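Letters A, B, ... mirror the listed sequences (proteins, then strands); counts begin at 1. In this text the structure is predicted, and so the values were computed from the model without any measurement.
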2 protein chains.
Amino acid sequence: MLNSKTMDTNQRQNKEKEILTAAENEFLTKGYDGARTTSIAKAAGVTHAMLHYYFRTKEQLFERIVDEKFRLMAESTLAALGDSSLPMKERIRTGVANHFDFVASNPLLPRFVINEIVSRPERYAFLHERAKTIIDTLYRGLQADIDRAAERGEMVQINAKMLFMSIMSLNIFTFIAYPFMKPLMGDLMADDERFLAERKAENIETIMKRIEI
Amino acid sequence: MLNSKTMDTNQRQNKEKEILTAAENEFLTKGYDGARTTSIAKAAGVTHAMLHYYFRTKEQLFERIVDEKFRLMAESTLAALGDSSLPMKERIRTGVANHFDFVASNPLLPRFVINEIVSRPERYAFLHERAKTIIDTLYRGLQADIDRAAERGEMVQINAKMLFMSIMSLNIFTFIAYPFMKPLMGDLMADDERFLAERKAENIETIMKRIEI
DNA sequence: TTTTGTATTAACAGAATTGTTAAACAACTT
DNA sequence: AAGTTGTTTAACAATTCTGTTAATACAAAA
């Protein structure tokens with residue numbers, strides 16, 4: 001089964017993976033500047049020389065993480081656009097719900113991505129062209145669908161981008177501010193699972209009332 | 001007029017102030033870890049030895065900034081609670097508007113505060129006790145006012161903390177995500193001033209429709 | 001069993017960054 | 001003018017962190 005010359009391939013993959021997992025955690029909580037390769041190595045249970053052996057530099061290790069995370073962020077963002085085969089109100093309701101769930105399962109993601117873009121904008125400038133084209137197309141479609149639904153009297157007329165920003169705001173901020181709000185909100189956030197369910201319902205309600213006639 | 005032994009007091013204050021201004025900008029955009037004392041000194045037009053002469057350590061300089069920013073954050077947050085002497089709907093409408101304006105004039109503040117708390121939670125644990133007490137009191141009052149307004153049929157019954165989180169989400173996220181959304185939203189955000197006015201109106205509308213019967 | 005390529009360790013090198021210090025300097029006081 | 005005090009500079013010390021290297025262990029293939 002094993003075709004590597006010397007080391008068990010699974011073991012190697014496990015070590016690489018453990019470093020990646022530790023790196024992900026370190027980078028996502030502390031950012032590039034705050035992360036320490038020694039601390040990542042320690043958390044992964046390897047010497048820091050090994051980390052460099054596998055990933056050469058901190059920068060390269062970071063890039064592995066960042067690539068994956070940016071893709072994931074794009075994917076989760078698209079979830080908020082909803083399924084265009086559904087009736088508009090259902091589409092928006094499930095869009096909000098799915099986006100919330102997506103962010104809930106990657107709670108550190110948005111803050112990380114935003115921080116990266118703010119602290120090193122030049123590094124990500126190349127993404128803009130591509131992202132903008134995709135987004136423009138998607139929005140044109142969504143806006144047209146909204147306009148039609150509004151004409152049929154199913155919902156109010158509203159700017160698709162504005163609605164989209166509201167969905168992102170409500171869902172993402174919940175998790176960005178979580179560590180900050182939790183100690184302050186006491187009872188309300190005492191039971192995490194229950195709070196998240198309530199918050200999700202509240203965000204859906206807020207958006208649905210916004211589009212109600 | 002000048003009572004300092006050797007240096008013009010105003011000049012000294014200016015130097016201190018210039019360092020503080022440069023430090024504020026550096027810390028708020030790059031965070032503690034990303035900030036460089038040499039880079040702060042350079043931006044302030046002094047040698048880095050001078051920075052240490054005035055503020056001893058990076059840590060102490062940072063604390064000056066952080067203290068002020070945390071206070072400002074608390075202040076701006078309270079704005080969202082609104083003026084309790086107003087009728088409830090007016091109170092909420094102006095609360096949202098004032099909070100938006102506050103954040104608009106300190107756009108880097110929320111991200112900075114949140115990042116600090118996430119990346120070094122132990123450092124700010126001592127704030128929780130105090131903040132929680134204040135918040136509990138304020139919310140009890142707000143919730144009671146909301147309950148009364150709901151009984152009078154002026155608005156829907158809603159959990160005050162949930163409403164508050166929605167206001168914070170909508171207003172703060174607008175500015176946290178600004179550098180991230182701007183290149184993608186093209187036309188909508190082309191004219192900053194106009195976009196902010198529209199976004200403010202949209203956030204108010206979203207909250208007002210949420211509390212409408 | 002020798003060979004070969006990979007994995008691992010420990011020690012070290014280099015760079016960047018923070019912080020210190022001694023000496024020069026400027027301004028004010030007496 | 002001499003002394004005092006606070007400011008500024010330049011050089012340097014110390015630390016921390018990233019990255020390298022040389023030696024070694026190890027496992028499989030020949």
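The pair A:Glu116-A:Arg120 counts as a salt bridge, with a side-chain nitrogen and a carboxylate oxygen less than 4.0 angstrom apart.
Put simply, CG on A:Asp33 is 13 Å from C1' on D:dC17, counting in whole angstrom units. Atom P of nucleotide D:dT16 and atom CZ of B:Arg36 are separated by 15 Å, given to the nearest angstrom. Taking atom CD of residue A:Gln60 and atom C1' of nucleotide D:dT18, one finds them 13 Å apart after rounding to whole Å. Look at CG on B:Leu51: it is 14 Å from P on C:dT17, rounded to the nearest Å. Rounded to a whole Å, the CG atom of B:Leu61 is 15 Å from the C1' atom of C:dT17. Across the protein-nucleic acid pair, B:Met50 atom CE and C:dG19 atom P stand 16 Å apart, rounded to whole Å. Atom C1' of nucleotide D:dT7 and atom CZ of B:Phe55 are separated by 15 Å, given to the nearest angstrom. Atom P of nucleotide C:dG19 and atom CD1 of B:Ile40 are separated by 11 Å, given to the nearest angstrom.
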Mind listing the side-chain donor-acceptor pairs of residues 34-43 of chain B below 3.5 Å, one per line with the distance, residues two or more places apart or on another chain?
unit_1	atom_1	unit_2	atom_2	d
B:Arg36	NH1	B:Asp33	O	3.0
B:Ser39	OG	B:Glu26	OE1	2.9
B:Ser39	OG	B:Glu26	OE2	3.2

Which atom pairs link the protein and nucleotides 19-25 of chain D when you take only N or O atoms and keep those under 3.5 Å?
unit_1	atom_1	unit_2	atom_2	d
D:dG19	OP2	A:Lys58	N	2.7
D:dG19	N7	A:His48	NE2	3.3
D:dG19	O6	A:His48	NE2	2.8

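If you check every strand for non-hydrogen atoms under 4.0 Å, A:Ala41 touches nothing.
With a 6.0 Å cutoff to the six-membered ring centre and a 45° limit on the axis angle, B:Arg64 does not count as a cation-pi contact of B:Phe55.
By the side-chain contact (heavy atoms from CB on, under 4.5 Å) test, B:Ala177 pairs with B:Phe173, B:Phe180, B:Met181, sequence neighbours left out.
The phosphate of D:dT8 has OP1 or OP2 within less than 4.0 Å of a side-chain N or O from B:Lys15.
Each of A:Ile167, A:Asp101, A:Thr206, A:Leu163 was checked for a side-chain contact (heavy atoms from CB on, under 4.5 Å) with A:Val96, and the lone residue meeting it is A:Ile167. Results of the side-chain hydrogen bond (donor to acceptor under 3.5 Å, both in side chains) test with B:Asn203 over B:Lys200, B:Arg199, B:Glu205 single out B:Arg199 as the only residue that passes.
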